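Below: one structure, written as structure tokens.
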Amino acid sequence: MRNPSDIPRVRLDRIDAIYIEDDVTLEALRDISFSVEDGEFVALVGPSGSGKSTLLDIIAGLYAPAGGDVILDGETLPTPARLGASSYMHQRDLLLPWRSALDNAALALEVHGVPRKQARQRALERFDEFGLAGFEDAYPAQLSGGMRQRVAFLRTVLAERPLLLLDEPFGALDALSRVVLQSWLLDLWERERQAVLLVTHDVDEAVSMADRVVVLSARPGQITHIETIDLPRPRTRDMLTSETFHRHRVALLRALGLLDQPQEALIASEVALA
Amino acid sequence: MTATLQRWMWPILLLAMFLIVWEVAVILTDTPTWMLPRPTDIFAAFREDHALLWWHTQVTLTEVVIGFGVALVSGVAIGIAIDSSPVLERSLYPLIIASQTIPMVVLAPLLLIWFGYGLTPKIIVAALIAFFPITVSTVDGLRAADREVMAMLRSFGASGWNRFRLAKLPAALPSIFSGARIGVAVCVIAAVFGELVGASEGLGYLMQRSASQFLTARVFAAIFILSFMGVGLFALISLLERILLPWRKYLSDRPRA
Ligand SMILES: Nc1ncnc2c1ncn2[C@@H]1O[C@H](COP(=O)(O)OP(=O)(O)OP(=O)(O)O)[C@@H](O)[C@H]1O
Ligand SMILES: [Mg+2]
């Protein structure tokens, strides 16, 4: 790549975000500064409504921050200019109902100018890996929620941008597919080493996958804590039971304000976050 | 196939029963044929006058098909223009909606003065009538495009043309088809109306001439042909929709949020 690795893939500098609707001003994000280095995996956690999706929209160039700068590869890019620079997977699967699973997966490639046939071929090569084999010609309405999410995930991955923005990519999945796709994403990342910014509600997911975890407060979202995860790479499932894992988990739950609460709330930490 | 058969069995049975009751009622009440012909009289008219009926059917069908074609192309094009230009949406769209208050009864005689007795005024009436539902449903369909899907495509760096081609237009197609189906049905009525105002050929003209000669069975034959034409064109568009939008059938099976 053209940039030396000491320049972050994306650097956020004092980002503020507001929504204005019918004279009502809603402050969504306040003074957000952090960066994702080249080849770094960062997770973003925070309560619902803390502005996580808003932040990804801003980085992707879909939404203009009220203040602050987004610096991509050392270059301060104004809002529309950032479009197309990252692979962005939205919270909803956003599959096009008139396209087959295969054609949906190939969509980003087609937008990038890859001929249709070739785009389909490249999507097809990965269908098996994603547990979608046999469903190439199915329409989204014929797929389960988990399968739809996997198609959306494949579509994002195939865009092959150096920055991957994932908004709860495994949110709608059952526990089993979740684990499979998590380790699949980690494998992919070990090979390609893109910069990843992963939004999640799940503290365990954040700790088991990320190098650093950024914690946002409730609205307006502010950074309350950044946890650097001390687990070696490549990550394994065994680490979930390690002492270090537990330590990080507790630190994050505390940062999220979930440890000062009664026992029931702690047990239901994921539910409370969601 | 059996499903299609079952779907059509009941309407056909009902129609058959209606025709039988009609036949019997006319015989029992001894109504004269010039006032209300029996279904068998109408079938006889079909047999005797088939060359005449066919000739006038072709004329009306030509008016309907050309008028509908013009309405479809211009309606979709203007719908797209209105959707993509806020200026047009604020200036042209209200005018198009307001134009619907001008009754065809007023317009048709004027068109006759301007364009004479030929096919042109009928085609214009048919096109004007069908244009409205097609334009409105195109605008509605294009507006209904999912904002988040459009945002996703922008995040991929998609150009305006690509966003239109990949998401907006396909999302609008079901609505455009609904507009086309309504449009084609009213098109038939409009063409016949145009003929009634002043013509020398076409089923509307034939009906008028036959009525003045008390050939009532022939009038009914023309009415049957017209309703068959309307239903047939409607069904043709529905068939086209099912072929071109095969994904629609899965949505109706399983409603989603
Ligand atoms: N388009 C919008 N217009 C107005 N307000 C908005 C809009 N999008 C988001 N908001 C508001 O901004 C705040 C942050 O929303 P955002 O979607 O970024 O939260 P989030 O952290 O992604 O939440 P979740 O975890 O539930 O997805 C919320 O209070 C939300 O109501
Ligand atoms: Mg969100």
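Just so we're on the same page: letters track the sequence lines, and every chain starts at 1. Note: hydrogens, waters and symmetry copies are ignored here, and every other heavy atom, side chains too, is used. Computed from a predicted model, the values in this text were never measured in an experiment.
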| request: For W247(B) and P97(A), work out which heavy atoms get closest and say how close. | output: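 In terms of heavy atoms, the two residues are closest at CB-O, 3.4 Å.
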
Is it the side chain or the backbone of [X] that comes within 4.5 Å of chain B heavy atoms, both, or neither?
X       : result
T156(A) : neither
R82(A)  : neither
L62(A)  : both
A159(A) : neither

| remark: Pair count under 4.5 Å, heavy atoms only, with chain B: among R99(A), R92(A), R161(A), highest is R92(A)

| query | Is M17(B) atom CE crowded by more than 12 heavy atoms from other residues, nucleotides or ligands, each under 6.0 Å away? | reply |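 No, the 6.0 Å shell around CE holds no more than 12 heavy atoms from other groups.
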
| Does atom CZ of F228(B) have more than 12 heavy-atom neighbours, drawn from other residues, nucleotides or ligands, at distances under 6.0 Å? |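 Count not over threshold, so no.
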
| task | Could you tell me which residues in residues 142-173 of chain B have at least one non-hydrogen atom under 4.5 Å from a non-hydrogen atom of chain A, sorted by residue number? | result |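 Listed by number, the contacting residues are D146(B), E148(B), V149(B), A151(B), M152(B), L153(B), R154(B), S155(B), F156(B), G157(B), A158(B), N162(B), L166(B), A167(B), P170(B), A171(B).
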
| message | Using 0.5 Å steps for rounding, measure from the NZ atom of K249(B) to the OH atom of Y139(A). | response | 7.0 Å

